[in-house]
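This report concerns only the one structure given below.
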Number of protein chains: 2
Amino acid sequence: MQNQIEHLKSSGSKLTKPRKRVLEILTELRKPVTLSEIHEKCGDIDFASVYRSIKLFTELRIVHEISWGDKVLRYEMMEDDHHHHIVCKKCGKIERLDLCILDKVQNMTSFKIESHSFEFVGICPECK
Amino acid sequence: MQNQIEHLKSSGSKLTKPRKRVLEILTELRKPVTLSEIHEKCGDIDFASVYRSIKLFTELRIVHEISWGDKVLRYEMMEDDHHHHIVCKKCGKIERLDLCILDKVQNMTSFKIESHSFEFVGICPECK
DNA sequence: TTTCTAATTGCAAGCTGTTTGCATTTAGAA
DNA sequence: TTCTAAATGCAAACAGCTTGCAATTAGAAA
């Protein structure tokens with residue numbers, strides 16, 4: 001978490017209680033979570049502060065925004081190893097997917113790709 | 001469009017004016033569009049009817065729901081050739097991507113995959 | 001350590017896209 | 001043509017996200 005705090009401060013932003021708490025939660029959970037989920041774990045911190053913290057972190061590329069197509073966005077600490085997810089629609093279990101073909105796609109198009117989603121929803125063995 | 005109408009009727013649903021219009025629009029546009037976009041092109045049909053038509057079509061697998069992570073869902077007529085998209089974030093231009101590694105991913109996991117997103121957002125050559 | 005101020009927060013209201021209940025209308029079977 | 005379950009239009013509700021503003025606070029400067 002120290003790197004992220006460094007990065008935050010060097011951008012001219014302050015390390016406030018809400019921001020610290022949000023960082024802690026993301027570091028601890030180590031999986032994509034919604035704003036509400038973060039807010040619930042935050043104690044008495046206001047939802048708007050969680051929202052603004054996450055917005056800032058996303059801009060600073062400290063966290064990564066993920067859409068699973070269910071209208072709620074999720075956020076995950078940005079990690080060194082690029083990865084995606086397979087989610088169980090029943091129990092919510094998350095499996096990491098260490099595979100991505102962004103490079104391949106980038107070579108197929110004249111678009112300069114800036115972001116991509118590559119997410120899978122299904123049923124895990126236990127819920128089957 | 002005849003196949004879809006067949007399918008609709010054989011499911012016990014009626015071919016109403018709103019439904020027909022929505023099908024026409026989707027067939028004509030042949031790209032992912034939002035509910036509002038469909039509604040605009042619908043004339044005096046109520047938004048709720050567009051919404052319920054699309055919901056039905058999605059259940060019947062006549063249309064396909066797509067998320068580009070911008071909080072608005074888009075819908076596209078389900079086609080025989082499975083494909084994805086690369087979208088320009090500036091002008092909205094859409095490029096088809098006839099590549100998918102669903103099979104490969106399905107072989108890597110014990111989850112039974114039911115749906116997936118594989119969408120790219122970037123800048124097209126003209127907007128660059 | 002204390003002072004000071006721009007940055008940040010909490011609150012409450014607002015927004016956007018989606019969803020629903022209900023009285024009225026209508027597709028299409030009889 | 002009649003009839004009724006299904007579908008519509010309307011209007012209100014909802015969920016998640018976003019913002020303006022007065023009060024608070026991190027942390028630089030004294």
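A side-chain donor from one of S117(A) and S117(B) sits under 3.5 Å from a side-chain acceptor of the other.
Expressed to the nearest 0.5 Å, how far CG of L35(A) lies from NZ of K55(A) amounts to 12.0 Å. For the atom pair L97(A) CG and H82(A) NE2, the distance stands at 9.5 Å (nearest 0.5 Å).
Rounded to a whole Å, the CD1 atom of I54(A) is 16 Å from the C1' atom of dT8(C). K55(B) has its NZ atom 13 Å from the P atom of dT18(C), to the nearest Å. Atom CZ in F47(A) sits about 14 Å away from atom C1' in dG10(C), given to the nearest Å. Straight-line distance from the CZ atom of F57(A) to the P atom of dT8(C): 11 Å, rounded to whole Å.
Heavy atoms from other residues, nucleotides or ligands lying under 6.0 Å from NZ of K93(B) number more than 12.
The closest donor-acceptor contact from the side chain of S49(A) to the backbone of I45(A) lies at 3.5 Å or more, if one exists at all. Looking only at distances, no side-chain donor or acceptor of E65(A) sits under 3.5 Å from a matching main-chain atom of E76(A). The main-chain N or O of L8(B) is found under 3.5 Å from a side-chain atom of S11(B) such that the two form a donor-acceptor pair.
Near DNA chain D, defined here as any heavy-atom distance below 4.0 Å, the residues from residues 13-41 of chain B are S13(B), K14(B), T16(B), P18(B), R19(B), listed numerically.
In this structure, of dT18(C), dT9(C), dC22(C), it is dT9(C) that holds the atom nearest to the side chain of S49(A).
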**Q.** Residues H84(B), H116(B); criterion ring-ring contact (aromatic ring centres under 6.0 Å, His included); working and verdict
**A.** CA-CA 10 Å; H84(B) 295 279; H116(B) 64 290; 5.0 Å; yes
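If you walk DNA chain D from 5' to 3' and mark each nucleotide with an atom closer than 4.0 Å to a heavy atom of chain B, the marks span dA5(D) to dT18(D).
Residues S53(A) and Y75(B) each lie close to DNA chain C; by heavy-atom proximity, the contact nearer the 5' end of the strand is made by S53(A).
Phosphate contact (OP1/OP2 of dT18(C), side-chain N/O of Y51(B), threshold under 4.0 Å): absent.
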